[in-house]
Amino acid sequence: MVVFNKAMKNSKTYKKGTRLEDVVDNDGVIGAMVDGEPRDLSYTLPEKAEVRFLTPEDEYGRQIYWHSTAHILAYAVKRRYPNAKLAMGPAIKDGFYYDFGVDRPFTPEELTRIEEEMKRIIGEDLPFDREELGVDDAIKLFKELGENYKIELLEELESPVSIYRNNDFIDLCKGPHVPSTGRIKFFKLTASSGAYWRGDESREMLQRIYGISFERQEELQDYLERMKEAKKRDHRTLGADLDLWMMNDEIGAGLVVWLSRGVTVRKVIEDFWWDEHKKRGYDFILSPHIAKTDLWKQSGHLDYYSDLIYPVMKKGNQSYLIKPMNCPFHIKVYKRKRRSYRELPLRLAELGTVYRYEKSGVLHGLLRVRGFTQDDAHIFCMPSQARDELVDIINLARDMLSAFGFGDYRVELSVWNVNEKDKYMGDEKDWENAESCLVYALKKTGLSYERMEGEAAFYGPKIDIKILDALKREWQATTIQFDFNLPQKFNLKFMGEDGRQHGVVVIHRAILGSVERFVGVLVEHYGGKFPLWLAPVQVKVLPITSEINEFAGDIREELAASGIRVEMDDRNEKLSFKIREATIEKVPYIVIVGQKEIDSGCISVRSRDKGDIGRPNLSDFISLLKEEIEKRSN
RNA sequence: GCCCAUGUAGCUCAGUCGGUAGAGCACCUCCUUGGUAAGGAGGAGGUCACCGGUUCAAUCCCGGUCGUGGGCUCCA
C-alpha cells in the first residue's frame, strides 16, 4: 500500500489495513483529506491514496474541530434534556451551532450548565465511533430514539449513511470528527436564539445554541477580544455619541433623522459621489417620493414586492404609493421621448430616497432601515454597449470604494438556476448573453469572483461586491443588475442606425448601496475616527484662558474662511478637560492657543492619532490640512 | 413576521418581595484663568415606554401595543 503526501514527494508504503491514525506524523492532527475527501483518523487506507493531514490550524481542520464541538454540545443537551430532539449542528464561519427541538427555550443560566456538562464530556475523552448503515436501518434506529428531525433528513438521503457514537449518544452525521472528545480544549457557548427548522419560516421554530472552540486559550481570548472590539465600533452607539443621527420610537422604527454632523458627513460623501458620476457621463435626475398606484402595477413591483410596499394612499378617486424603488421614474425619463442610438448609453443617476416596510425583526441601526437613499442609476444602452458599460461601472465602484479605504472585496456573480427556468423572466439567450457580459467585465477588471447559481433576481443576473472592513467583516455595497423586466414591461426601444426600432438593455446599479447603510459601515470601519476629508468637525480650537478667546476666535475665523470645518471650545474649563472632550469626539486636529502662541505667532497642534505634533504657523497648518483633504487620506 | 431577552433622568445603570424612586456622567449657577484625556461647590431634571386588567393602592403582578437587542427568514 502506498501513501503519498500532498506534494507527492515522499511517498510511503504501509501494510494493508493501515489506518490513518497509525501513520499520523504529529499530535496536532485531527483528521485528513484522503483523495480530496475529509476522513476520520480511524479511516482505513485504500490501496493507493494521496493524504493530507489536517490540524485545527487548517481551514478544513478548523471546521472538523468546530463541528465536533457541536456534537459535544448536542450530547450535553441530551444528557440534561433527554426529550430534546436533535436537528442539525454544522460548523459555520465563526464556530458552530446546533438546533434542538425543545419545549422551552434555553435560558442564559442553562447555557452555563450545558457548558459544564460539555466540560465533563470532554474530560471523559469519549471516542467518536463511526458506523455505516443503510437508510432503512438508520430510520429504524432514529425512530427508536424518537429523533423525528433526523428521520426527515434520512428520507432524503441515499444508502449508506453514517452515524457517530460517543458512548450512548448517537447522531446522524456525515463527519468527520476529531478522534475523541478530549481533543476539544477551550470553548464557549456564545448565544442562543430561535431558528426555523430547515430555515423555512412556515416550519416550526427550533432553539439554536451558538458556540466556538479553540485548541489554545489565547485563541479563545483573542476571539472574545475581537468581539469586544466589534462592539466598541458599533455604529449605533458611536452614531449617538458623535451626534450623527437619531432614531426615536415615536417617529417610527427604521426611520432616521440626520443631525447636523451626520448631514455634513453625508454631504461630503454625496458631493464626492456626484463628482465621480459627472466625470463618467452620468445625468442626474430627481424623482418624487410618491407615484400613482398604476405605475407600480405596470412596473411589476406591486406584484413582486407587495409585502414591502407601504399601503396605498387614497385621495378622491386617485391612489398613490410611496416609492419602494426609483426604477419607474427613470424609465419614464427614458420614455419621455423617442430615443436614438446616438443618445446611448443614457446613464440616469439619482440619490433617491425610498421607503420599504421591512419586517420589524430585521431592522438594525443604519444598516437595515425603512427609509433610505439609494445611490441609484439605470443605464440604457444598446446590447453591444453593455460589456463596456459594465467594465466602467466596476471601475467606478472600485475607485469610489477605495477612497473610503475599502481595498478588499468579495465578489459574487449571481446567475439563474437552469433547472427552474420558469421562475425567471426572459429567455435562455438573454440569460446566457447577460452572464457572458458580466463575466467579460469581471475578467477585464481582473476581479476574482464566486459564481452563485440560483441567486439571481427573477429579472436578471447580477454582480454584488461585498466590501471587507477594518475587522475583515463583510458588507454588501455595490450591486450591478441586468434587468429584463423593465424593458419588456415598458416596451423600451431605441431607433437604430438602420432606421428600425430595437430593444434596449437596462443595467440597474448602486455603488454604495444606500447612503444610510454606507455611513453605518463607515462608522464601524473607522471606529468613528473619520479621516480628515470626512470628519464632521476637522479642527477644534482650544484657547487656554478666557483672555485668549478673542485671539482664538480669529484663528477659528481664518480656518473657516479656508473651508475647514472648525469649532472653538471657549468654555471656562481647563485645557486638559477640553482636550479630553475633543478626543472623545474624535476630532482629527486640536489647535491649542495661549499666551505663548500669541507671542510666537505659531499655533500648537495636537493630532488625534499622533498626539502633540509641534508648532507650525497657521498658514502652513492650513496647507497641510488642505493637502490631506485633497488626497482623501485614510 | 417568528423565537428569546429587554424598556427606570439626555446617556450608562442601581432599586422597590405592591405603598408614585436613586447613583455616576451630561446639563444649569457660582467659585476657579488652569499648557496637552476629568478642578471644586451647589442646583435642576423622571406620569419608572404606552394602553388596559387585578388591587384600598401598580413603576413592580397579569394581558395587549409599541420600541430596542441577539438570532431565524428576508435584504440596499
Side-chain angles (χ1 to χ4, degrees), chain A residues 97 99 102 104-108 110-111 190-210 231 234 236-237 240-241 243 246-255 305 307-308 324-326 352-354 356-376 457 464 466 475-479 481 508-518 520-521 542-549 570-585 590-597 604-608 611-613:
Chain A
Y97 68 77
D99 286 344
V102 281
R104 233 168 318 154
F106 301 104
T107 63
E110 285 173 307
L111 288 191
T190 49
S192 68
S193 74
Y196 300 107
W197 168 231
R198 314 204 86 175
D200 182 342
E201 60 181 323
S202 68
R203 306 290 305 263
E204 63 267 39
M205 177 76 60
L206 306 174
Q207 293 303 318
R208 175 172 297 179
I209 297 177
Y210 286 92
K231 207 172 166 193
D234 191 322
R236 292 165 300 185
T237 357
D241 291 348
D243 296 323
M246 61 171 280
M247 299 208 221
N248 175 281
D249 308 6
E250 282 158 345
I251 292 171
L255 301 173
Y305 301 107
D307 286 352
L308 55 75
M325 303 204 171
N326 301 302
T353 303
V354 298
R356 300 181 183 175
Y357 189 84
E358 299 288 352
K359 291 176 182 177
S360 58
V362 306
L363 300 174
H364 182 90
L366 284 188
L367 302 180
R368 197 72 185 276
V369 291
R370 285 183 175 155
F372 59 97
T373 307
Q374 290 183 309
D375 66 315
D376 214 351
D464 287 324
K466 321 233 170 191
W475 309 92
Q476 165 83 50
T478 305
T479 182
Q481 314 183 337
H508 177 181
R509 40 108 293 176
I511 305 298
L512 308 176
S514 96
V515 179
E516 284 75 4
R517 171 180 288 180
F518 198 74
V521 172
L542 310 184
I544 290 175
T545 69
S546 58
E547 279 149 37
I548 316 293
N549 286 355
D570 58 3
R571 292 175 305 169
N572 176 11
E573 296 290 350
K574 288 182 120 175
L575 177 64
S576 55
F577 183 82
K578 294 182 188 179
I579 288 174
R580 179 183 152 80
E581 296 227 320
T583 308
I584 289 169
E585 285 172 41
I590 296 170
V591 167
I592 295 160
V593 286
Q595 193 56 47
K596 274 191 232 164
E597 283 70 23
S604 286
V605 180
R606 189 184 154 104
S607 129
R608 178 180 64 195
D612 193 338
I613 56 167

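The chains referred to below are lettered A, B, ... by the order of the sequence lines, with proteins before strands, and numbering in each begins at 1. Basis for what follows: all heavy atoms, side chains included, without hydrogens, waters or symmetry-related copies.
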Report yes or no: is there a donor-acceptor pair, N or O only, under 3.5 Å between the side chain of [X] and the base of [N]?
X        : N     : value
A:Arg368 : B:C74 : yes
A:Thr545 : B:G35 : no
A:Glu597 : B:G35 : yes
A:Arg517 : B:C75 : yes
A:Glu581 : B:A26 : no

Side chain of [X] - closest among [options]:
X        : options             : answer
A:Glu573 : B:C2, B:U36, B:G39  : B:G39
A:Asp249 : B:G39, B:A76, B:G67 : B:G67
A:Arg571 : B:G70, B:G67, B:C27 : B:C27
A:Tyr210 : B:C72, B:C3, B:G1   : B:C72
A:Ile544 : B:C27, B:G67, B:G34 : B:G34
A:Ser576 : B:C72, B:G70, B:A38 : B:A38
A:Phe577 : B:A26, B:A37, B:G1  : B:A26
A:Lys596 : B:G35, B:U33, B:C75 : B:G35

Would you say A:Glu201's side chain and A:Arg203's backbone share a donor-acceptor pair under 3.5 angstrom? no
Kindly determine whether A:Asp200 and A:Arg198 satisfy salt bridge (Lys or Arg N to Asp or Glu O under 4.0 Å), including the steps that lead there. CA-CA 5 Å; A:Asp200 182 342; A:Arg198 314 204 86 175; over 6 Å; no
Whether A:Phe372 stacks on the six-membered ring of B:A76 base, 5.5 Å and 30° limits: yes
With a non-hydrogen cut-off below 4.0 angstrom, is A:Arg509 in contact with a base, only sugar-phosphate, or nothing? nothing
